[in-house]
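Counting convention: from 1, in listed order, for ligands and their atoms alike.
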Amino acid sequence: MKVPMIMTAGPTEVNEQVRKAMSERATNPDLDMNFFEFYKESIEKLKMIYKTKNETFILNGEGMLGLDSACCSLIEKGDRVLCIENGIFGKGFGPMCETYGAEVIYFSSDYKNTIDVEKLEEFLKLDSNFKIATMVHCETPSGIVNPVEKIAELLNRNKIISVVDAVSSLGGEELETDKWGLDIVLGGSQKAISSPTGLTYITISQRAFDKMEARKEPIPSFYCNLLLFRSWYQDREFPYTQPVYNLVANDIAFDICLASDYLNKHKKIAIAVRSALKRGGLELYAESGHANTVTAVMVPESIAYEDLFNTMVKDYNIMISGSLGELYNKVFRIGHMGENASEDKIYMCLNALNNTFEKLGFKPKEKLHLSFVEEVNK
Ligand SMILES: *Cc1c(COP(=O)(O)O)cnc(C)c1O
């Protein structure tokens with residue numbers, strides 16, 4: 001299979017060291033007591049990225065498993081959930097919560113901007129009787145980072161448990177789980193951590209565990225039951241066999257992340273990408289809250305998104321992302337998170353993008369890759 005350079009909004013490129021770790025011999029994770037020590041150390045690294053002292057786990061499934069587990073473990077029939085949303089992932093929390101019997105109330109904000117905190121404050125003055133509020137830190141399809149710190153302040157004042165999807169921001173955007181008082185924060189291996197797809201990260205506050213313990217009805221799942229994970233160290237037993245190869249590789253990805261100045265690296269590259277695109281005459285989708293992990297750009301009117309995507313793959317072997325839902329065909333995205341937050345890769349990607357645009361009859365005002373080099377060295 002011919003593999004393109006993936007400059008998508010996730011999954012991201014996986015570092016060679018991480019891929020090599022997958023092919024090393026691994027132990028039996030059920031019986032070898034050293035495995036539990038390894039897992040513990042790996043969790044300590046993850047806690048550093050989350051900036052938390054709360055209990056933290058790595059679950060064995062793709063990103064959505066974290067969202068599903070949080071909803072499943074917390075929600076009981078009739079619980080009122082506030083779904084705070086300004087995009088596709090944010091809104092998607094609603095139906096997921098309804099699966100577990102929640103009464104979902106939406107606080108919807110403009111999709112081109114960050115969540116309106118002042119309006120949310122007004123909203124909560126009228127109705128704050130919620131057990132849980134869900135939100136997305138980085139709305140990947142639109143490239144917007146929401147003011148989670150300020151939202152959490154409002155929620156904490158009203159004693160509402162926060163569930164934050166940070167799948168495409170963890171490791172790429174400023175995120176302070178404890179300082180901001182967040183309850184559950186979800187991450188995924190395949191985004192800014194750049195480890196193979198298939199693992200979910202989750203950190204859980206004592207308050208959130210208390211809510212799970214205080215349920216009247218048992219948690220209606222085995223695989224999504226977060227309480228079953230709690231005693232793994234004490235009992236030296238997980239609810240199911242751990243995917244040891246993935247975890248070993250993932251641990252190397254944590255090391256690579258922590259050894260770099262990852263937040264500044266993401267910020268510097270993102271600013272230069274946005275400036276280069278604007279200098280080229282392109283329009284960014286978002287009007288505020290531009291993410292440091294992914295940039296969503298309007299497809300020039302004279303071009304069909306499919307031609308853009310296909311030419312990039314066929315002629316340059318580089319894959320970019322489109323967008324989802326209503327933004328499909330209107331927006332394309334460049335992922336610059338994790339391993340892809342690399343000046344060399346972005347240069348290659350923007351060079352190919354520039355040439356693709358020219359082939360398709362849209363000539364950027366300034367060459368995208370050359371502007372990028374200027375901007376990133378400012
Ligand atoms: C990637 C992502 C997820 C996980 O979803 P998949 O698309 O199935 O990988 C969840 N939330 C956000 C915000 C994401 O970017």
Query raised in the report: Name the one of Thr311, Asp315, Asp307 that satisfies side chain to side chain donor-acceptor pair (under 3.5 Å) with Lys359?
Result: Asp315

Query raised in the report: Looking only at protein heavy atoms, which one is nearest to atom 7 (O) of ligand 1, and how far off is it?
Result: Phe89 CZ, 4.0 Å

Query raised in the report: What atoms of ligand 1 come closer than 4.0 angstrom to any heavy atom of Ser168?
Result: 15 (O)

Query raised in the report: Salt bridge or not for Lys125 and Glu122, using N-O below 4.0 Å?
Result: yes

Query raised in the report: In terms of atom number and element, which parts of ligand 1 are under 4.0 angstrom from non-hydrogen atoms of Asp165?
Result: 10 (C), 11 (N), 12 (C), 13 (C)

Query raised in the report: Of Leu186, Thr293, Thr140, Val167, which has the heavy atom at the shortest distance from atom 13 (C) of ligand 1?
Result: Thr140

Query - Enumerated ligand 1 atoms positioned under 4.0 Å from heavy atoms of Cys138 - result: 13 (C)

Report summary line: Taking only non-hydrogen atoms of Gln190 and a 4.0 Å limit, the atoms of ligand 1 in range are 9 (O)

Query - atom 5 (O) of ligand 1: nearest protein contact (heavy atom, Å) - result: Met64 SD, 3.4 Å

**Report entry** Salt-bridge criterion met for Asp251 and Lys45 (N-O under 4.0 Å)
**Finding:** yes

Query raised in the report: What residue and atom, counting heavy atoms only, is the protein's closest point to atom 14 (C) of ligand 1, and at what distance?
Result: Lys191 NZ, 3.0 Å

Report task. Start with the C-alpha gap between Tyr50 and Tyr201, add the side-chain angles, then the distance that decides, and say whether ring-ring contact (aromatic ring centres under 6.0 Å, His included) holds. Result -> CA-CA 10 Å; Tyr50 267 126; Tyr201 315 131; 7.1 Å; no

Query raised in the report: What residue and atom, counting heavy atoms only, is the protein's closest point to atom 4 (C) of ligand 1, and at what distance?
Result: Glu62 OE2, 3.5 Å

Report task. Hey, can you tell me if Phe57 and Phe209 have their rings parallel, tilted or perpendicular (30° and 60° cut-offs)? Result -> perpendicular

Query raised in the report: Quick one: does Asn225's side chain get under 4.5 Å of Cys72's, heavy atoms only?
Result: no

Query - Pair Lys40 + Glu37: basic N to acidic O under 4.0 Å - result: no

